[in-house]
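To keep things clear, I will list the structure first and then write my remarks on it.
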Amino acid sequence: MTTGDVVGDAAVDDALAFGERLIALLDGGRFTATYKYAVLLALVDECRAGVDAAGRAPRVLSGKRVGRRVFQLYWLQARPLGDHRVRQSTGRNDVVAKLEARKRELALPPGLPLAEARRRHPAAIDALERDVVTTVIRMPLPKLQRFGWGGQSVEHRFIYDFGWPGEVSPSRVQRADFDDRLHLRPGAEHWLVRMAGLIRPLVQQRWAAFTAERNADHLEEAQLEAFLFGAQRRSLSPVREPLLDAQEGACFYCLQHVATGAEVDHFVPWAKHPDDGLHNLVVAHAPCNNRKRDALPAVAPHLQRWSHRFDHDTRAGRRFAAAAGEIDWPRWPQRTLGAARSLYLWLPPGTPLWQQGATFVPSDPQEATALLGKIGPARLAAEPDRGYDPGEC
C-alpha cells in the first residue's frame with residue numbers, strides 16, 4: 001500500500017512532530033470548556049469514516065459535519081451521572097447542560113438515542129444541532145490550533161486550514177453559500193488515522209480530567225471517563241432478533257447455534273471507533289463476546305464474513321438486507337466501512353487479531369486490503385445512509 005508523501009524515515013519524523021505538536025496543544029492551549037476535546041475526537045472520527053478502498057483518508061473535511069459529530073458526542077453525555085449533573089465548562093457556555101435541560105423540556109428519557117429523539121421532535125432537535133454546529137464553526141474550530149493564552153497566544157495551523165474569519169456571525173455560518181471546508185495540512189489526515197489509537201485515549205483522559213476538576217462533588221476521574229466514553233448506553237435489544245435471524249440463529253463468530261444469552265456486539269470495537277450503525281452490529285454468544293472484548297476480529301473468517309453484508313449478491317448479504325428492512329435503525333455503510341478500512345489497512349504486519357477463545361493470529365494488511373478493496377461505491381450506493389444526515393445544516 002502506498003501512503004503518498006509519507007514514507008520511510010521521513011514518516012517517523014513527521015509522526016513524531018505531529019504527535020509532539022498535538023501534546024503541546026493539549027498542554028498549552030486554553031481550555032475553558034470541553035469543545036476543543038470534542039472537536040479533536042470528531043476530526044479523528046471524520047477522517048476514519050472517509051478512508052477509501054486504498055486506505056487514503058480525505059484531505060478536505062466539512063466543518064459542519066465535524067460540528068454534527070460533536071453534537072452526537074455531546075448528546076450521549078447529556079444526562080445525569082447517578083444523582084450528579086456533570087459540568088463541562090468553567091462558564092455559562094456548557095453545551096451538555098443546555099442539551100440536558102432541553103431533553104427535560106421535551107420530556108425525553110436521558111438515554112434516548114438521537115435518531116429516536118429526532119423522530120419525536122424533528123424541528124427541536126434540528127434546531128439544537130444547528131446551534132451546536134454553528135458554535136463549533138465560530139469558536140473551537142478557529143481557535144483549536146492556538147498555543148498559549150490571551151495576547152501571548154500563537155496560532156500554528158498544523159492540522160487544518162480554513163477560510164472564514166474567527167469572528168464570523170451565526171447568520172453567516174448558516175447561509176447556504178458558506179464555505180465550511182477544512183483543508184487538512186499535508187500528512188495531517190494520515191496521522192489522524194494512523195495515530196487514532198493513541199490520540200483518542202489521550203484526548204479522552206484529558207477531557208475526563210478537565211471535567212473532574214469542574215465538579216464540586218469530586219467525581220472520580222476514572223468514573224467520569226467511563227461515563228463520558230464507555231460503550232453506548234442505548235439498548236441494542238431491538239436489533240438482536242432480526243440480526244440473529246439474518247445469521248440463521250448462529251453466533252457470528254463461532255457459528256454455533258445460539259439458544260440463550262445472545263449479545264449484540266460491535267464488530268469494530270466501540271473503544272476504537274464509536275459506531276452503533278447497523279452494519280457494525282453482530283449477535284454473538286456471551287463467551288465469544290467476552291473473549292473478543294476490544295480486539296479487532298481476524299480477517300479469516302470474521303472480516304470475510306462481515307464484509308458480505310455489504311454485498312447483496314451473497315446469501316449473507318441478502319439476509320442482512322432483509323433484516324435491515326425489518327427494523328428502523330440508523331445505518332451508514334460508507335462510514336462504517338471507512339472506519340474498518342482505517343483500522344485494518346494500516347495495521348502493522350503481525351498485529352494480533354482475535355480469532356476464537358484465547359487464540360490470536362497475526363494480521364496481514366495485504367489480505368485485508370484485497371478484501372475491503374473489493375467493496376466499491378456501486379455496492380454502497382445501493383444502500384444509502386439512514387439516520388445520519390450528510391447534508392448542510
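- Using a 3.5 Å distance cut-off with no hydrogens or angles, the side chains of H266 and D276 do pair a donor with an acceptor.
- Electrostatic pairing of R138 and E167 does not count as a salt bridge here, judged by no charged N lying under 4.0 Å from a carboxylate O.
- The line from CD of Q174 to CD1 of I137 is 10.5 Å long, rounded to the nearest 0.5 Å.
- Ionic pairing of E189 and R56 is not present here: no N-O contact between side-chain nitrogen and carboxylate oxygen is shorter than 4.0 angstrom.
- Of the inter-residue distances, the one linking L41 atom CG with H273 atom NE2 reads 11.5 Å to the nearest 0.5 angstrom.
- Checked against the 6.0 Å centroid threshold, H302 and Y253 count as a close aromatic pair.
- Evaluation of the side chain to side chain donor-acceptor pair (under 3.5 Å) test over residues 33-45, restricted to residues two or more places apart or in two chains, returns T34-Y74, T34-Q88, D45-R69, D45-R200.
- In this view, A300 and Q304, E367 satisfy the side-chain contact (heavy atoms from CB on, under 4.5 Å) rule, not counting sequence neighbours.
- The aromatic rings of W207 and F229 lie perpendicular to each other, with more than 60° between the two planes, well past the 30° mark.
- Aromatic ring centres of F320 and H279 lie closer together than 6.0 Å.
- Heavy-atom contacts from other residues, nucleotides or ligands closer than 6.0 Å to CZ of R305 number more than 12.
- Between N280 and T336, the side chains place no donor N or O within less than 3.5 Å of an acceptor N or O (distance only, hydrogens not considered).
- Counted within 6.0 Å of CG on D83, heavy atoms from surrounding residues, nucleotides or ligands total 12 or fewer; the atom is thus considered open.
- Heavy-atom minimum distance, W75 versus I125: CH2-CD1, 3.8 Å.
- Taking each heavy atom of F178 and V168 in turn, the nearest pair found is CE1-CG2, 4.1 Å.
- Other residues, nucleotides and ligands contribute only 12 or fewer heavy atoms inside 6.0 Å of the CE atom of M139.
- A cation-pi arrangement, defined by a distance under 6.0 Å to the six-membered ring centre and an angle within 45 degrees of its axis, is present between R214 and F210.
- F267 does not carry R309 over the face of its six-membered ring by the limits of under 6.0 Å from the centre and within 45° of the normal.
- For W306 and F252, the ring centers sit 6.0 Å or farther from each other.
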